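Input: a single structure, listed below in structure tokens.
Just so we're clear, the structure is a prediction, and the values are computed from it rather than from any experiment.
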Amino acid sequence: MKGLRFERLGQGRHYNIVLHVGSTYTPVSDETVGELKAQSLLPAERFIELLIEKVGYSSYLREQIRGELRKAGDPITQITVLQGAIRDL
């Protein structure tokens, strides 16, 4: 599946949530999810940078996230969907 999306794997695990980045994924800590939820009403452009800062722990991963946003065609819509999804996690 292309694009970015969050998935809840369960409860009581070391990482309960992953962020799919194209066909790969990266684990996201509950603390990071909480921080993203708290900021989920930011304008999409600012949320993009926050997401990349919080989840992109390497330059390679940050570039992969940006690349998936470019592939989506409309990164603002993609981020708006992610903002809604993070509030529901």
Return the [atom1] to [atom2] distance between [X] and [Y], rounded to the nearest 0.5 Å.
X: Ile86; Y: Gln39; atom1: CD1; atom2: CD; result: 11.5 Å
X: Leu89; Y: Ile17; atom1: CG; atom2: CD1; result: 4.5 Å
X: Asn16; Y: Gln11; atom1: CG; atom2: CD; result: 5.5 Å
X: Glu35; Y: Ser29; atom1: CD; atom2: OG; result: 7.0 Å
X: Leu82; Y: Leu51; atom1: CG; atom2: CG; result: 6.5 Å

Would a hydrophobic clustering, with Ile, Leu, Val, Met, Phe, Trp and Tyr connected at side-chain separations under 4.5 Å, put Phe6 with Val81?
no

Check step by step if side chain to side chain contact (heavy atoms under 4.5 Å, CB included) holds for Tyr15 and Val28.
CA-CA 6 Å; Tyr15 289 104; Val28 182; 5.8 Å; no

Anything under 3.5 Å between a donor and an acceptor, one on a side chain of residues 40-48, the other on a protein residue two or more places apart or in another chain? List them.
| residue | atom | partner | partner atom | Å |
| --- | --- | --- | --- | --- |
| Ser40 | OG | Lys37 | O | 2.9 |
| Ser40 | OG | Arg87 | NH1 | 3.4 |

Checking Arg62 side chain against Ile52 main chain: does a donor-acceptor pair fall under 3.5 Å?
no

Can you list everything that forms a salt bridge (charged side-chain N to carboxylate O under 4.0 Å, His left out) with [X]? Sequence neighbours excluded, please.
X: Glu53; value: none
X: Arg66; value: Glu49
X: Glu63; value: Arg70
X: Lys71; value: Glu68

Scan Leu36, Val33, Thr26 and name whichever one has a side-chain contact (heavy atoms from CB on, under 4.5 Å) with Leu19.
Thr26

Going by chain and number, the hydrophobic cluster around Tyr60 (ILVMFWY, side chain to side chain under 4.5 Å) further includes none

With ILVMFWY side chains joined below 4.5 Å, transitively, what does Tyr25's cluster contain besides itself?
Leu9, Val18

Could you tell me which residues satisfy side-chain hydrogen bond (donor to acceptor under 3.5 Å, both in side chains) with Thr24, sequence neighbours excluded, listed by chain and number?
none

I need the full list of side chain to side chain donor-acceptor pair (under 3.5 Å) pairs touching residues 72-82, with sequence neighbours left out, sorted by first then second residue.
Asp74-Thr77

Taking only residues at least two apart or on different chains, which pairs with a member in residues 13-34 satisfy salt bridge (Lys or Arg N to Asp or Glu O under 4.0 Å)?
none

